[in-house]
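Shown next, in structure tokens, is the structure this report addresses.
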There are 2 protein chains.
Amino acid sequence: MPRMASPPQTARSERTREALRRAAMVRFLAQGVEETSAEQIARDAGVSLRTFYRHFGSKHDLLFADYDAGLHWFRRALADRPDGEPVIESVQAAIFAFPYDVDAVTQIASLRADELDPSRIVRHMREVQSDFAHAVRDHLEHRSDDPGNEALAITVTARCVAAAVFAGMEVWMQREERSLADLAELCRTALTSIADGLPVR
Amino acid sequence: MPRMASPPQTARSERTREALRRAAMVRFLAQGVEETSAEQIARDAGVSLRTFYRHFGSKHDLLFADYDAGLHWFRRALADRPDGEPVIESVQAAIFAFPYDVDAVTQIASLRADELDPSRIVRHMREVQSDFAHAVRDHLEHRSDDPGNEALAITVTARCVAAAVFAGMEVWMQREERSLADLAELCRTALTSIADGLPVR
DNA sequence: ACCAGTTTTGTCAATAGTGACAGAACGCGC
DNA sequence: GCGCGTTCTGTCACTATTGACAAAACTGGT
């Protein structure tokens with residue numbers, strides 16, 4: 001269960017990963033996620049089952065395979081913000097500049113919504129929030145003059161920023177109508193609402 | 001993998017659960033967590049492997065079996081706080097009044113630290129934080145005059161409160177010396193630091 | 001092209017975790 | 001105690017994951 005999503009090194013392994021990704025996507029779309037076995041994917045990709053698990057910690061990791069790239073993108077976007085800009089602004093700018101691949105996102109999203117155990121999505125969201133918080137924390141540490149002395153303040157801030165963004169997502173998810181614009185609005189409101197104190201006392 | 005920790009109903013099943021808990025603890029302490037198989041535990045408890053998994057979503061859930069009780073306790077403690085008290089105070093009061101069973105905690109903690117994959121602990125912590133946030137949110141919703149209209153504010157606040165508490169824990173965990181008093185101090189500081197705005201801008 | 005060291009795969013063998021279905025045990029009204 | 005609907009278990013069969021170890025492919029230097 002500890003998905004260790006082993007990081008690939010050589011071009012060869014990257015080819016294998018790509019083959020697995022493709023094979024999985026084809027099967028997933030054709031017959032559904034739970035109806036596709038890991039062995040099937042491995043065979044389609046022309047590798048052994050064991051090799052499959054060397055590249056992806058679990059069958060379901062394939063559904064979130066694009067996630068790492070997004071995280072890297074976010075970290076870089078944060079780093080590219082001008083010095084001295086308030087965190088909240090930096091985070092907003094980084095989030096809203098994200099280059100969505102609408103087709104891919106839509107395709108995966110439909111799979112996730114239909115075939116996937118909701119608890120799995122929730123768990124993944126928690127992981128994403130955690131990584132998000134770490135990214136923000138690293139950003140703050142990098143900015144700080146004396147990170148060691150501000151450890152608590154930095155950690156608290158980073159985690160709260162992440163909490164706010166994901167609170168926005170949570171509220172958005174519970175709505176009937178879900179537009180990208182609404183999501184952005186909710187996240188923006190959530191972030192600005194914590195800058196000067198908690199919105200509810 | 002979706003650990004569904006099925007909620008027990010009858011006295012009989014409670015007996016089974018208890019037997020499994022005990023059998024597991026004995027084995028875990030004697031030979032370590034990873035060196036104990038689920039089948040072994042089931043056999044020791046006198047039930048089938050399948051029955052084991054009906055009561056505990058996974059072998060590792062047994063290590064956190066006491067957790068649900070703690071969560072319930074926290075929810076009740078929150079509900080018992082006087083009306084009109086600021087959330088942050090309520091949460092602090094609820095946290096610090098928690099009745100630890102020092103022996104049990106120590107025993108389990110040593111197991112967790114030695115035998116367990118760190119990523120497993122991290123994952124559990126994320127789950128705990130999430131449940132914690134939900135508890136706070138329910139508390140706020142209960143207090144609010146118009147929860148529907150304040151959905152975002154309530155969710156943001158609940159999640160940030162949880163984020164602060166767990167930020168305190170994170171910092172504490174990274175220290176060499178870890179005393180209960182330090183933990184309390186860190187959580188207190190973390191919580192008060194977000195009341196009037198983020199500690200880092 | 002050849003050798004030595006590194007990375008990636010395949011094979012084997014266990015353990016972990018689940019769905020489906022039938023039988024056993026339990027709680028309740030008569 | 002008896003019959004009946006509900007809950008709990010055991011058995012079977014299958015998929016998901018992982019550790020250990022050896023063979024195969026890839027790399028850089030000569």
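Order of the sequence lines sets the chain letters (A, B, ...), proteins ahead of strands, with each chain counted from 1.
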B/L20 CG to D/dT9 P: how many Å, rounded?
9 Å
Rounded to whole angstroms, how far apart are CD on B/E14 and C1' on D/dT7?
15 Å
Just to verify, what does A/S37 make a side-chain hydrogen bond (donor to acceptor under 3.5 Å, both in side chains) with, not counting sequence neighbours?
none
The side chain of A/R50 is closest to which nucleotide in this list: C/dT9, C/dA16, C/dC12?
C/dC12
Presence of salt bridge, B/R137 and A/E170, under 4.0 angstrom:
yes
Measure from CZ on B/R43 to P on D/dT9 and round the result to the nearest Å.
18 Å
From CD of A/E35 across to C1' of C/dT18 the rounded distance in Å is 14 Å
I need the CZ-P distance between A/R15 and D/dA25, as an integer number of Å.
13 Å
Give the rounded distance in Å between these two atoms: CZ of B/F52 and P of C/dG17.
8 Å
Nearest-nucleotide 5' precedence on DNA chain C, B/T36 against A/G46
A/G46
Is B/S48 touching bases, backbone alone, or none of the nucleic acid, heavy atoms closer than 4.0 Å?
base
Select base, sugar-phosphate, or nothing to describe what B/L49 touches, counting heavy atoms under 4.0 Å on all strands.
nothing
With the side chain defined as heavy atoms from C-beta on, A/Y53 is closest, among D/dA16, D/dA20, D/dT9, to D/dA16
Salt bridge flag under 4.0 Å for residues A/E39 and A/K59
no
Can you tell which of C/dT8, D/dT9, C/dT9 lies closest to the side chain of A/T10?
C/dT8
Taking NZ, NE, NH1 and NH2 as the nitrogens, is one of them in A/R21 or A/E18 under 4.0 Å from a carboxylate oxygen of the other?
yes
Is there side-chain contact between B/Q129 and B/H134, with heavy atoms separated by less than 4.5 Å?
no
Is there a donor and acceptor pair closer than 3.5 Å between the side chain of B/R12 and the base of C/dG27?
no
Which one, D/dT15, C/dG10, C/dA16, comes nearest to the side chain of A/T51?
C/dG10
